[in-house]
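Single-structure report; data block below.
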2 protein chains.
Amino acid sequence: MRDEEKPAIRSLPLFHEVSTPTFEALMATSYSQSFPPQLDLFRQGDRADFLHILIEGSVELHADWNGREAVMAMVRPVSSFILAACIRDVPYLMSARTLERSRILLLPAVDLRAAIRREPELAGAVMTELAGSYRDMVRQAKNMKLRTARERLAAWLLDQAHRQGAANSFVLPVEKRHLASYLGMTPESLSRALAGLKAQGIAMDGARVIITDRERLSATAGYDPLIDSSDEGL
Amino acid sequence: MRDEEKPAIRSLPLFHEVSTPTFEALMATSYSQSFPPQLDLFRQGDRADFLHILIEGSVELHADWNGREAVMAMVRPVSSFILAACIRDVPYLMSARTLERSRILLLPAVDLRAAIRREPELAGAVMTELAGSYRDMVRQAKNMKLRTARERLAAWLLDQAHRQGAANSFVLPVEKRHLASYLGMTPESLSRALAGLKAQGIAMDGARVIITDRERLSATAGYDPLIDSSDEGL
DNA sequence: CGCACGCTTGATCTCCGTCAACCTGTGTGG
DNA sequence: CCACACAGGTTGACGGAGATCAAGCGTGCG
């Protein structure tokens, strides 16, 4: 792996409190690699041999069943993914695919588990990370069970605007069909839902979204911190 | 708390590897209490002051939004719930309500966090537990995004039969309206879905379900280990 | 230049939610 | 002890949200 990638990984919550020797040892058994867009990194059901850390680019986690597919998460750098499967040493529940050219660090799950046994600080960090991931998934399940497609979209737009620096205009970070799948609807429905939201405080310009009436949009989204904001900080 | 309750709690994966002094200290600051049916234990948004451990009875975790409600999980003894919120010291994302008269151990979250800092074994156990909970929630999200209401019901029936000792007949452990909410549908839809499944390998007798054709039911459910079976053992 | 792919739009269908009536077992009070 | 109220469940009629199928449109790339 490249030395210039280390600081970013080191500053992840996962590794921030780990001792330098352990961190260096983990990095020594890992390797980073660059992948082209649209590449399948692994498939659901595969053995969880590596913790993945996205250094650059973007990755989508999706699930398949009976010929249908659903995007479960969109990963942005720098962050790890599929930690839970590595910890429990069980098969992945989701498949991963690069969306853009991506640089990914592959950290052998066996080494990770060994390091955790050695360093309590690492166990604590993994614990906190997993608690956060669990809560994110609870939010997503609430979102799916309680809101309609249009409400999910409105909430996502607000959240996205918030993440991108609270600007009232931003560019969609993924193709619309991927967003549609993530929000649990078809591309056609997304298209119509976006059109419908034009009366509720947004305007579109290609892949750019302009929020013209935050209050109104927030009202139709039914924005709720217990669904929409992730556990920030800590 | 009662001494006769300790062994069951001790044998939970969470506490099995913990040193006896730490375990006893945790039990000393906890107290168990009996609650009547239909009682709200806490509400989403409340501060997570206690790890809850259900000793006896049954509890339902649900989420509320905009006047709608969805059952997120059904807890059966002996198991802990809302661990993640306690670990991160953030508000609950779900509300809890007893379904039957229930005995619950309340373990102060501050003490739990302190014990984790002291005992690496406990951190490891919490980590494994959270990884499992995360994966359960991923399964639930997949279930919601990929399957129709009828498919979810068929899969749930199979899973339930499996849990209750692979018998081909069992009694619903909760009222149908709760089950409906858990499966993300209305009571009316559940009623119709059950009626519809009579042609697909089940028969009903009040709250008793008889699986008459496991193969057929499994086919309409699209049974999939990556959605339906929990991480068992380990 | 033209094909391919993502997006949109329209027509139709299906699943499921809503509203309302009804049934049935249970528990309560006269 | 019976009558009635009530809650949970079922059934029917209807509507709406969203999926599906099928064109069309625009843009970027070979």
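Side chains are part of it too, since the values below use all heavy atoms of this structure and drop only hydrogens, waters and symmetry mates. By convention in this document, chain letters (A, B, ...) are assigned in the order of the sequence lines, proteins followed by strands, and residues within each chain are numbered from 1.
Between the side chain of B:Arg192 and the base of D:dG9, no donor-acceptor pair under 3.5 Å is found. For C:dC7, the base has no donor-acceptor partner in the side chain of A:Glu188 [N/O atoms by modelled type, under 3.5 angstrom].
Distances were taken from every side-chain heavy atom of B:Thr186 (C-beta onward) to each of C:dG17, D:dG8, D:dT11; the shortest belongs to C:dG17. Distance from the side chain of A:Glu175 is smallest to C:dG6 among D:dA19, C:dG6, D:dT10.
Each of B:Leu190 and A:Arg147 was matched to the nucleotide of DNA chain D holding its nearest heavy atom; the match closer to the 5' end belongs to B:Leu190.
Rounded to whole Å, atom P of C:dG17 lies 11 Å from atom CZ of B:Arg68. Rounded to whole Å, atom P of D:dA17 lies 14 Å from atom CE of A:Met185. Between the P atom of D:dG9 and the CG atom of B:Leu194 lies a distance of 11 Å, rounded to the nearest Å. Whole-Å rounding puts the A:Leu179 CG to C:dG6 P distance at 15 Å. One atom, CG of B:Leu172, and another, P of D:dG8, lie 15 Å apart when rounded to the nearest Å. Note: CG (A:Leu183) to C1' (D:dA19) measures 16 Å, nearest angstrom. As rounded to whole Å, 19 Å separates atom P of D:dA7 from atom NZ of B:Lys176. Atom CZ of B:Arg177 is separated from atom P of C:dG17 by 17 Å (rounded to the nearest Å).
Contact of the B:Met94 side chain with the B:His62 side chain is not registered, since no non-hydrogen atoms from C-beta on lie closer than 4.5 Å. A:Leu172 is not listed as a side-chain neighbour of A:Arg208, based on a closest heavy-atom distance of 4.5 Å or more.
Nucleic acid contact for A:Thr148: sugar-phosphate only, since backbone atoms but no base atoms lie under 4.0 Å from a heavy atom of the residue. Counting any heavy atom pair closer than 4.0 Å across all strands shown, A:Gly184 reaches sugar-phosphate atoms only and no base atom. Using a 4.0 Å heavy-atom distance criterion, A:Gly206 is classed as making no nucleic acid contact.
Between A:Ser191 and the phosphate of C:dT8, there is a side-chain N or O to OP1/OP2 separation shorter than 4.0 Å.
For the pair A:Lys6 and A:Phe15, the NZ or CZ position fails the cation-pi test of under 6.0 Å to the six-membered ring centre and within 45 degrees of the ring normal.
Below 30°, between 30° and 60°, or above 60°: for B:His52 and B:Phe81 the angle between ring planes is between 30° and 60°, a tilted geometry.
Under the 3.5 Å distance criterion, with hydrogens and angles disregarded, no donor-acceptor pair is assigned to the side chains of A:Arg43 and A:Ser95.
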